[in-house]
Amino acid sequence: MRVHVADHPLITHKLSVLRDEATPSPVFRQLTEELVTLLAYEATRSVRVEQVEIQTPVTTTMGVKISEPRPIVVPILRAGLGMLEGMVKLLPTAEVGFLGMARNEETFEPTTYAERLPDDLSDRQCFVLDPMLATGGSLGAAIDFLFTRGAQDVTAICILAAPEGVAAIERQVGDHDVTLVLGAVDERLNEKGYIVPGLGDAGDRLYGTV
């Protein structure tokens with residue numbers, strides 16, 4: 001497993017505003033979109049491409065295009081939806097699937113309540129969107145789900161992570177081809193499984209409490 005923490009002043013600045021409890025939901029959503037676009041730039045460095053001949057106003061030359069089968073972007077519902085627009089702005093030709101996962105707040109174990117994905121992900125590059133890598137339960141279950149469907153490699157993009165969550169994913173994925181692209185790694189988890197200092201519940205701050 002590879003871990004890339006995007007150490008960039010723009011990312012750190014936007015993260016600082018996200019962390020502020022006084023930041024309202026509309027600003028939080030906008031900053032999340034901007035952050036994900038910056039993280040997606042790092043996450044797509046290894047996206048597969050193929051050569052193509054193009055005609056410029058001057059001459060013909062060789063360029064590249066995204067290879068087939070196209071990558072698939074998979075936000076984990078519901079908070080991952082807030083990251084989708086920032087990702088597809090950078091990778092508009094990608095397909096989009098969905099995984100609905102919820103965490104039991106007592107056991108911290110994830111359950112899958114919805115999915116909309118191709119039955120066969122063979123030879124597909126998958127990009128999973130989940131704002132917070134806390135215990136690693138939901139993200140780990142999502143990664144397992146994708147490899148079970150035949151995914152070739154999985155890149156997970158998270159705004160924040162706890163060291164415990166990173167370690168849990170590393171233990172779980174074994175020899176699978178997995179990359180974590182993170183905006184920051186925070187100090188720890190608290191007794192309720194929240195990232196410290198973190199930014200609170202990303203879903204609630206994006207969309208309000210249900």
Side-chain angles (χ1 to χ4, degrees), residues 1-19 31-49 64 66-67 70-76 79-97 99 101 121 123-147 151-189 195-199 202:
M1 187 179 82
R2 294 168 298 278
V3 179
H4 177 75
V5 181
D7 183 16
H8 190 287
L10 281 179
I11 291 175
T12 305
H13 163 71
K14 293 177 190 296
L15 266 175
S16 298
V17 182
L18 281 187
R19 292 183 191 275
L31 284 172
T32 297
E33 180 181 320
E34 294 170 5
L35 264 171
V36 173
T37 299
L38 291 170
L39 294 174
Y41 178 79
E42 299 294 337
T44 54
R45 284 186 180 275
S46 297
V47 70
R48 293 200 303 269
V49 296
V64 299
I66 303 296
S67 297
R70 290 176 291 165
I72 186 165
V73 177
V74 184
I76 298 178
L81 277 178
M83 304 173 67
L84 180 58
E85 189 63 29
M87 184 71 185
V88 297
K89 275 188 174 181
L90 199 67
L91 199 61
T93 59
E95 294 181 8
V96 177
L99 269 178
M101 311 197 79
L121 292 172
D123 204 32
R124 300 292 290 271
Q125 289 183 294
C126 299
F127 295 89
V128 182
L129 308 179
D130 195 10
M132 312 293 283
L133 173 51
T135 64
S138 295
L139 182 60
I143 290 171
D144 279 349
F145 192 99
L146 296 173
F147 280 119
Q152 173 179 319
D153 61 80
V154 175
T155 298
I157 302 174
C158 305
I159 293 172
L160 285 182
E164 296 93 332
V166 175
I169 298 297
E170 186 168 22
R171 288 193 302 269
Q172 180 177 329
V173 300
D175 294 332
H176 284 306
D177 189 352
V178 174
T179 301
L180 298 182
V181 177
L182 312 172
V185 178
D186 277 8
E187 296 173 11
R188 59 184 174 85
L189 292 179
I195 299 174
V196 178
L199 49 76

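Residue numbers count from 1 along this sequence.
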Between atom [atom1] of [X] and atom [atom2] of [Y], what is the distance when rounded to the nearest 0.5 Å?
X: E42; Y: L182; atom1: CD; atom2: CG; answer: 11.5 Å
X: E85; Y: T37; atom1: CD; atom2: OG1; answer: 8.5 Å
X: D130; Y: I159; atom1: CG; atom2: CD1; answer: 9.5 Å
X: F147; Y: D153; atom1: CZ; atom2: CG; answer: 7.0 Å
X: C158; Y: L139; atom1: SG; atom2: CG; answer: 5.0 Å
X: R124; Y: L146; atom1: CZ; atom2: CG; answer: 11.0 Å

Kindly give the heavy-atom pair with the smallest separation between [X] and [Y], and that separation in Å.
X: A202; Y: M132; answer: CB-CG, 3.9 Å
X: P71; Y: F127; answer: CB-CE1, 3.8 Å
X: L99; Y: A142; answer: CD1-CB, 3.7 Å
X: L39; Y: A6; answer: CD2-CB, 3.6 Å
X: A40; Y: L90; answer: C-CD2, 3.4 Å
X: V73; Y: A94; answer: CG2-CB, 3.8 Å

Decide yes or no for [X] and [Y]: does some side-chain heavy atom of the first lie under 4.5 Å from some side-chain heavy atom of the second?
X: I143; Y: H176; value: no
X: T44; Y: M87; value: yes
X: V96; Y: P75; value: yes
X: L189; Y: I195; value: yes
X: R70; Y: L91; value: no
X: I169; Y: V3; value: no

> Who pairs with F145 by ring-ring contact (aromatic ring centres under 6.0 Å, His included), at least two apart in sequence or on another chain?
Replying inline: none
>> H4: which residues meet the ring-ring contact (aromatic ring centres under 6.0 Å, His included) condition with it, sequence neighbours left out?
In response: none
>> Restricting to salt bridge (charged side-chain N to carboxylate O under 4.0 Å, His left out), what partner residues turn up for E33, sequence neighbours left out?
In response: K89
> Which residues pass the salt bridge (charged side-chain N to carboxylate O under 4.0 Å, His left out) test with D186, sequence neighbours left out?
Replying inline: R19
Using side-chain contact (heavy atoms from CB on, under 4.5 Å) as the criterion, list what pairs up with [X], not counting sequence neighbours.
X: S67; answer: R48, E50
X: V196; answer: E187, R188, N190
X: H8; answer: L10, I11
X: T179; answer: R2, T155, V181

> Can you list every side-chain hydrogen bond (donor to acceptor under 3.5 Å, both in side chains) pair that touches residues 157-171, not counting sequence neighbours?
Replying inline: none
>> Walk me through whether K14 and L38 qualify under side-chain contact (heavy atoms from CB on, under 4.5 Å).
In response: CA-CA 11 Å; K14 293 177 190 296; L38 291 170; 4.1 Å; yes
>> Tell me which one of L121, V74, V128, V173 satisfies side chain to side chain contact (heavy atoms under 4.5 Å, CB included) with V154.
In response: V128
